[in-house]
Number of protein chains: 2
Amino acid sequence: MEKNTDTRLAIMNTTYQLIAEHGIQKASFALIAKEVGISKPSIYYYFDSKNDMIYQLFEQFCSEISFQHFFNAEHFTQEQFSTQLIEVGFQMIQEQANDPYFGNVMKEFLSLAARDDSYKGRFIELQQDYLKGFEQLLLKAADWSLIPLYSLTEKAHILALVIDNIGNFMMLDDTVDYRNIWKTAVQLVFLEDGLHG
Amino acid sequence: MEKNTDTRLAIMNTTYQLIAEHGIQKASFALIAKEVGISKPSIYYYFDSKNDMIYQLFEQFCSEISFQHFFNAEHFTQEQFSTQLIEVGFQMIQEQANDPYFGNVMKEFLSLAARDDSYKGRFIELQQDYLKGFEQLLLKAADWSLIPLYSLTEKAHILALVIDNIGNFMMLDDTVDYRNIWKTAVQLVFLEDGLHG
DNA sequence: GTCTATATCTTGATAGAC
DNA sequence: GTCTATCAAGATATAGAC
């Protein structure tokens, strides 16, 4: 039985928007059904329960914001390393700014993760991907003698913290030049006369 | 009529914990009353509605995490500036780590703020306090020629993003040395041969 | 696949006695 | 101030016809 029909996609897309607008709890099957234009019990043909449906949405959400999705180590060159790192950060900031639902949905999933270990575990994976991912990236830069090994891990984590939190700050205050913050963060990490043991 | 009784405090403290454990929606008046050891309608003697009560808790929560609460510009000296900044950050990290409910409650309020402008407005105030606060702090350091004016605003914002997000990351992964990340971030900002125009 | 009808539970809130 | 009793609304989920 093939269940990846248009109806199923319509339910998931509509739910994504309704979660952003009203939160998970208030995005009821009644509301979703009304918005999609079907009856409430029809949703149960595609999903076992509301929990099941929310979790499938969550899995899809996570796969689209992985470290690898944005930062591919193979695309970095010795000559343009920091410039490329700045550019990829810009793309990430832009992509999240272009999806008006992204921030709200993220906040909903984060509050879910605070109380549910399934969600929490997935977020831990995601976070460690970013922490380790930036570390691998800077190690590559160190191989090319672009930065020293000293404090390399801490620098990687600073970049992870900054790029991650820019999205949160953007939601509340859009008068700040976040691209410039990211650019400065990368430049500080790649300073020639940087921190030394 | 004096309503700041022990019962009122018990209700608020219990609610704070229950929100951390079950989220705002599932922290029902029935559950709160049971936990406090009173009947459900008794809560209405102290609060007009659930919204009223949650918002009062939110106001108290916000006042306890203001920039001024941690970073008082008058306590910084020319000789020990960066060391003091590192130390105050350590205290902030420690204080949040000591309250096991803090992170979860914060996530709940953030998801509320995504859909309610009253909450959102208060969070914007808080965020701008931190952004402006760090900027004022670095301006003071610049007056003392401890850092150049170039990229000063961006550096201040980097510090705000890092210290704020450390709390979020700590919740998911406690194997990372977050104190060292903060220390490195401050050191990068205060590098003698830093960024220049 | 999609529907109508309905069961069951939980919620925030009120009435009114003491 | 605190209680018992109760209401109306909204939630998830199921039964069963088409």
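Below, read A as the first sequence line, B as the second, and so on, with proteins coming before strands; counting in each chain starts at 1. Note that these values count all heavy atoms, side chains included, but never hydrogens, waters or copies made by symmetry. Model, not experiment: these values are computed from the prediction.
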(message) I need the residues from residues 104-115 of chain A with at least one non-hydrogen atom less than 4.0 Å from DNA chain D; give them sorted by number, or say none.
(response)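 Residues of residues 104-115 of chain A under 4.0 Å from DNA chain D: none.
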(request) Mind checking A:S39 for me? I need base, sugar-phosphate or nothing, with any heavy atom below 4.0 Å counting as a touch. (result)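 Contact class for A:S39: base.
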Just the rounded figure in Å: distance from [atom2] of [N] to [atom1] of [X].
| X | N | atom1 | atom2 | result |
| --- | --- | --- | --- | --- |
| A:D6 | C:dT2 | CG | C1' | 15 Å |
| B:K26 | C:dT11 | NZ | C1' | 12 Å |
| B:F47 | C:dT14 | CZ | P | 16 Å |
| A:I24 | D:dG10 | CD1 | P | 21 Å |
| B:L31 | C:dG12 | CG | C1' | 14 Å |
| A:K34 | C:dT2 | NZ | P | 20 Å |
| B:D52 | C:dG12 | CG | P | 14 Å |
| A:I43 | D:dA11 | CD1 | C1' | 13 Å |

(request) Would you mind listing every salt bridge (charged side-chain N to carboxylate O under 4.0 Å, His left out) that reaches into residues 104-119 of chain A, with sequence neighbours excluded? (result)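 Sorted pair list: A:E108-B:R115, A:R115-B:E108.
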(request) Consider the side chain of A:I38, meaning its heavy atoms from C-beta on, and name the nucleotide among C:dG1, D:dT2, C:dC3 that approaches it most closely. (result)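 In terms of side-chain proximity for A:I38, the closest of C:dG1, D:dT2, C:dC3 is C:dC3.
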(request) Could you check which of C:dT11, C:dT2, D:dT12 has an atom nearest any side-chain atom of B:S28? (result)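 Of the options given, the side chain of B:S28 lies nearest C:dT11.
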(message) Can you list everything that forms a side chain to side chain donor-acceptor pair (under 3.5 Å) with A:Q84? Sequence neighbours excluded, please.
(response)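 Testing A:Q84 for side chain to side chain donor-acceptor pair (under 3.5 Å), a comparison that skips the adjacent residues, returns A:T77.
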(request) Tell me, please, which residues at least two apart from A:Q94 pass side chain to side chain donor-acceptor pair (under 3.5 Å). (result)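 Expected list: A:N98.
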Got a sec, which residues hit ring-ring contact (aromatic ring centres under 6.0 Å, His included) with [X], two or more places apart in sequence or on another chain?
| X | answer |
| --- | --- |
| A:F61 | A:F102, A:F109 |
| B:F134 | B:F67, B:F71 |
| B:F123 | B:F58 |

Would you tell me if any nitrogen or oxygen in the side chain of [X] comes within less than 4.0 Å of OP1 or OP2 on [N]?
| X | N | value |
| --- | --- | --- |
| A:T7 | C:dT2 | yes |
| A:Y45 | C:dT2 | no |
| A:S42 | C:dG1 | no |

Determine all donor-acceptor pairs shorter than 3.5 Å in which one atom belongs to a side chain in residues 29-41 of chain A; sequence neighbours excluded.
{"residue": "A:S39", "atom": "OG", "partner": "A:S42", "partner atom": "OG", "Å": "3.0"}

Show me the donor-acceptor pairs, under 3.5 Å and distance only, between side chains in residues 149-174 of chain B and residues at least two apart or in other chains.
{"residue": "B:T153", "atom": "OG1", "partner": "B:E135", "partner atom": "OE2", "Å": "2.9"}
{"residue": "B:E154", "atom": "OE2", "partner": "A:N180", "partner atom": "ND2", "Å": "3.1"}
{"residue": "B:D164", "atom": "OD2", "partner": "A:N165", "partner atom": "ND2", "Å": "2.8"}
{"residue": "B:N165", "atom": "OD1", "partner": "B:N168", "partner atom": "ND2", "Å": "2.8"}
{"residue": "B:N165", "atom": "ND2", "partner": "A:L161", "partner atom": "O", "Å": "3.0"}
{"residue": "B:N165", "atom": "ND2", "partner": "A:D164", "partner atom": "OD2", "Å": "2.8"}
{"residue": "B:D173", "atom": "OD1", "partner": "B:T175", "partner atom": "N", "Å": "2.9"}
{"residue": "B:D173", "atom": "OD1", "partner": "B:T175", "partner atom": "OG1", "Å": "2.7"}
{"residue": "B:D173", "atom": "OD2", "partner": "A:Q128", "partner atom": "NE2", "Å": "3.0"}

(request) Describe, as an angle rounded to 10 degrees, how the axis at the first end of the helix from C:dG1-D:dC18 to C:dC18-D:dG1 is tilted relative to the axis at the last end, five pairs per end. (result)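 End-to-end axis angle for the helix from C:dG1-D:dC18 to C:dC18-D:dG1: 0°, rounded to 10°.
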(request) Could you please spell out the steps behind the side-chain contact (heavy atoms from CB on, under 4.5 Å) verdict for A:I65 and A:M106? (result) CA-CA 11 Å; A:I65 56 172; A:M106 171 66 96; 3.7 Å; yes
(request) Return the set of residues passing salt bridge (Lys or Arg N to Asp or Glu O under 4.0 Å) with A:E59 (not counting sequence neighbours), or none when no residue passes. (result)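 So A:E59 forms a salt bridge (Lys or Arg N to Asp or Glu O under 4.0 Å) with A:R122.
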(request) Starting at the 5' end of nucleotides 13-18 of chain D, put B wherever the base has a protein heavy atom under 4.0 Å, S where only the sugar-phosphate does, and a dash everywhere else. (result) BBB---
(request) Using distance alone, with no hydrogens and no angle criterion, decide if A:D52 and A:Y44 have a side-chain donor and acceptor under 3.5 Å apart. (result)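 Side chains of A:D52 and A:Y44: no pair found under 3.5 Å.
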(message) For A:F190 and A:F81, take the angle between the two ring planes, folded into 0 to 90°, and tell me which bin it lands in: parallel under 30, tilted 30 to 60, perpendicular over 60.
(response)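 Because their plane-to-plane angle lies in the 30° to 60° range, the rings of A:F190 and A:F81 count as tilted.
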